[in-house]
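Index from 1, following the sequence. Order of listing sets the numbers, starting from 1, for every ligand and every atom in it.
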Amino acid sequence: MLEILRRIVQEVNGARSLDAALSIIVRRIRKAMQTDVCSVYLRDDERDCFILMDTIGLNASAIGQVTLKPGEGLVGLVGQREEPLNIEEALSHSHFRYFAETGEERYSSFLGVPIIHQRRVLGVLVVQQREKRQFGEGEEAFLITMAAQLAGVLVHALSTGALARLSDPGTQALLNGIAAAPGMAIGEAFVVVPSANLEAVPERVPDDIEAEVLRLREAIDCVRHDIRQAAERLASRISEQEQALFDVYQQMLGDAALGNEVEKRIREGQWAPYALSRVVQRHVNYLERVDDNYLRERAADIRDLGRRVLAHLQKDSEARKPVYPDRTILVGDEISAAQLGEIPRDKLVGLVALRGSSTSHVAILARAMDIPAVMGMSDLPISRLAGTPMIVDGHRGRLILRPQQDLLVRYENMIEEEQALTSMLESEQSLPSETSDGYRIRLMINTGLAVEMSGSPAARIDGVGLYRTEVPFMMHQRFPSEKEQTRIYREQLQGFAPLPVVMRTLDIGGDKSLPYFPIEEDNPFLGWRGIRVTLDHPEVLMVQLRAMLRAAEGLDNLRILLPMVTSIEEVDTASRLLDRAIGELRDDGVRVERPLLGVMLEVPAVIYQLEALSTRVDFFSVGSNDLIQYLLAVDRNNARVMSLYDACQPAVLRALDHIARESRRLNVSASVCGELAGDPVGALLLTGMGYRVLSMNAPNLSRVRAAIRRVSLEGVQNLVSDVLALHSLTETRELVYQRMKEWELVHLLPPRD
Ligand code: PEP
Ligand code: MG
């Protein structure tokens, strides 16, 4: 059964359009379950009904004609109840509705299951049988499993379908994802693809067909050559039978197999990488279905050969310099900091990623660079998007492909209004960040992630609250040397002196990896991350500490922050290493003062160790991004659970309030440097709790300063005591929103529909 399930899902996945996907679904399921009928109904949100989209067994003329409201007929009932319905005698069921066009009266037994994706009913899958019988438990379980698996694939096919319809130039498609970085942008898609990934090759039309064919032949020749060489190298070490395999590979690459077919597609108007990926996929799909172990194994070989040819083709296209549109919207599966850095800043206006969510590091980077982003668009068929005009709405988490004129004008107006608000707030930037009753909140900025910073914010901030050292590490091909690091840190310290700069020691792991130091783990956010890595590699940490200390010589504005601390031992060890670094530099004649040392409060365990920590360090910095992730057990990178990730969860607010109170009692300064501090609502709640230092991405400064200047300390303190008395997220969000309305601050919040 498992094998059948896997194969059907795989085939549906490879379908070129929604119609093709639905056709595969009904045919394969009917065959697998040996029923008379299999039909699929999809929900049409606009018309609030389920439409028969495909069937095998009912009259084909009923497709697109039969529609049922939720609760109407058996299908509507399944859709409304969101649970399976398994009945022996459908005709006598009180909900049975007769549609003459389906010829349905002949079928007695009915099994319908809802197709649900992320709590949303997408449709209903139905099998029917002429004979009167109850479908068995196993059959019901099979169909439920099938529907659950198909849900994700169908969402993809639905969006592909929407795209396919875009061949009509008047049609636009609206897709939803996660709002990852605020703002809105109108531009053109530039798709970045991982290299040698057959599943992620964009569709394109070649400029010169003959040149494209030549390119393919050369790439195939290169792979044949590589294989010949490998065979020769191994000749003495492998058996004759294994040697024969290399001949099989040569044949597979030959004209009669892959070559001719790909060439044919190129001549039909597909560029070589895409034509290759389609042909390989077709062969793989076929081979994986046959009941012969030997042939099934060949599927893996074909895929591998395909990857090799693709790698050669891509090497060739990578060598050409990419031409970025003037208003580039970068679209990719997973976008890295380095990829963002490659595009000229003046051309980059938006970002769309299939993976990740609002607290992924690339989203934080986008916010730091003030680029609207939508992420978690797992169902977006990126291979067809190159060059597509689109709107990225980073407030609402929306992507609009090929927008029509009226929507385009609406967005142009909204963008203009937003720019007007930003310049209005900008005029307040030189005013002090204090509440209306005169309490000063120190606003600092987070740096490191942003490749550059607009303007010179030093005049209107109180320093750098978090310098993430990861990015300089990511931009290198190996660990940067002590000298290289010293130069980078010196630039940062000097740029902001005499204001303090809090430098965090290397925080890799989780979703931040270095190309030259990969960390592969099943649960990277619970794994080898932050200080856990650097304490295991004291040679890396020592170089970094020495570079920081040396860079601060004569400036004395350095503070050092330790990430991902869980235990007192980690702090003691790091503190000893810091003393050692200071000693070594002093021996070298460098004038170094011991900088203030702080820990990030981001692992919940430290909330219960504040007293012990307070005797060891000079300051606390709350990393709300991770603290929320670990308190709520919600992976900050996982779009599927993103709706659960919320700072207004009562547990999160209580934890933050507790830290503020305890830090006051222990007389240790506590700041917040997670994204919460840069959110106007978050900043007001934190101020009310007693935090007096907030560190955020530079683009957030103006809104946060404006919010703080329009409230009294007493007002936000009352808000905090009111929200702490509540028990649910919904009530908390509502109360906060009402209060923002009373304070006339709603314009500072991300716009809602
Ligand atoms: C945090 O966790 O809140 C934080 C500031 O660190 P990072 O986002 O880099 O993990
Ligand atoms: Mg963190």
**Request:** Could you tell me whether ligand 1 has any atom less than 4.0 Å away from a heavy atom of Glu675?
**Result:** no
**Request:** Examine ligand 1 and decide if any of its atoms is less than 4.0 Å from a heavy atom belonging to Met600.
**Result:**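 Distance cut 4.0 Å: Met600 passes for ligand 1.
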**Item:** Nearest-contact summary for atom 7 (P) of ligand 1 - protein heavy atom, Å
**Value:**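 Result: His361 NE2, 3.2 Å.
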**Asked** Considering only the protein, which heavy-atom contact is closest to atom 6 (O) of ligand 1, and what is its distance?
**Response**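 For atom 6 (O) of ligand 1, the nearest protein heavy atom comes out as Arg504 NH1, 2.9 Å.
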**Item:** Backbone or side-chain N or O of Lys512 under 3.5 Å from ligand 1 N or O
**Value:**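 Looking only at distances, the answer is yes, because the N/O contact criterion of under 3.5 Å is met.
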Enumerate the atoms of ligand 1 whose separation from the nearest heavy atom of [X] is less than 4.0 angstrom.
X      : result
Arg529 : 10 (O)
Gly623 : 1 (C), 2 (O), 3 (O)
Cys673 : 5 (C)
Leu466 : 5 (C)
Ile364 : 8 (O)
Glu602 : 1 (C), 2 (O), 6 (O)

In terms of side-chain geometry, is the basic nitrogen of [X] or [Y] positioned less than 4.0 Å from the acidic oxygen of its partner?
X      : Y      : value
Glu553 : Arg490 : no
Arg532 : Asp536 : no
Asp507 : Arg468 : no
Asp626 : Arg529 : yes
Glu675 : Arg367 : yes

**Close side-chain approach of Asp511 and Pro524, heavy atoms under 4.5 Å** =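 No, side chains not in contact.
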**Item:** Between His476 and Phe517, ring centroids under 6.0 Å
**Value:**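 Aromatic pair excluded; centres sit 6.0 Å or further apart.
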**Message:** Between Arg665 and Glu611, is the salt bridge (Lys or Arg N to Asp or Glu O under 4.0 Å) condition met? List the steps.
**Reply:** CA-CA 9 Å; Arg665 183 178 74 79; Glu611 190 149 358; 3.3 Å; yes
**Request:** Look at the N, O or S atoms of Asp507, main chain and side chain alike, and state whether any lies under 2.8 Å from the Mg ion (ligand 2).
**Result:**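 Here the distance criterion (N, O or S atom, under 2.8 Å) is not met by Asp507, so no.
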**Request:** Would you kindly specify which portion of Arg636 sits under 4.0 Å from ligand 1, judged on non-hydrogen atoms: side chain, backbone, both or neither?
**Result:**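 It is the side chain that touches ligand 1; the backbone stays farther off.
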**Asked** Any donor and acceptor pair, going by atom type alone, linking the side chain of Thr505 with main-chain N or O of Leu562 inside 3.5 Å?
**Response** no
**Prompt:** Do other residues, nucleotides or ligands put more than 12 heavy atoms under 6.0 Å from Gln477 CD?
**Reply:** no
**Request:** Tell me which N, O or S atom of Glu602 sits nearest to the Mg ion (ligand 2).
**Result:**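 Per the distance ranking, Glu602 contributes OE1 as its closest N/O/S atom to the Mg ion (ligand 2).
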**Request:** Output the atom name for the N/O/S atom of Asp626 with the smallest distance to the Mg ion (ligand 2).
**Result:**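 That would be atom OD2.
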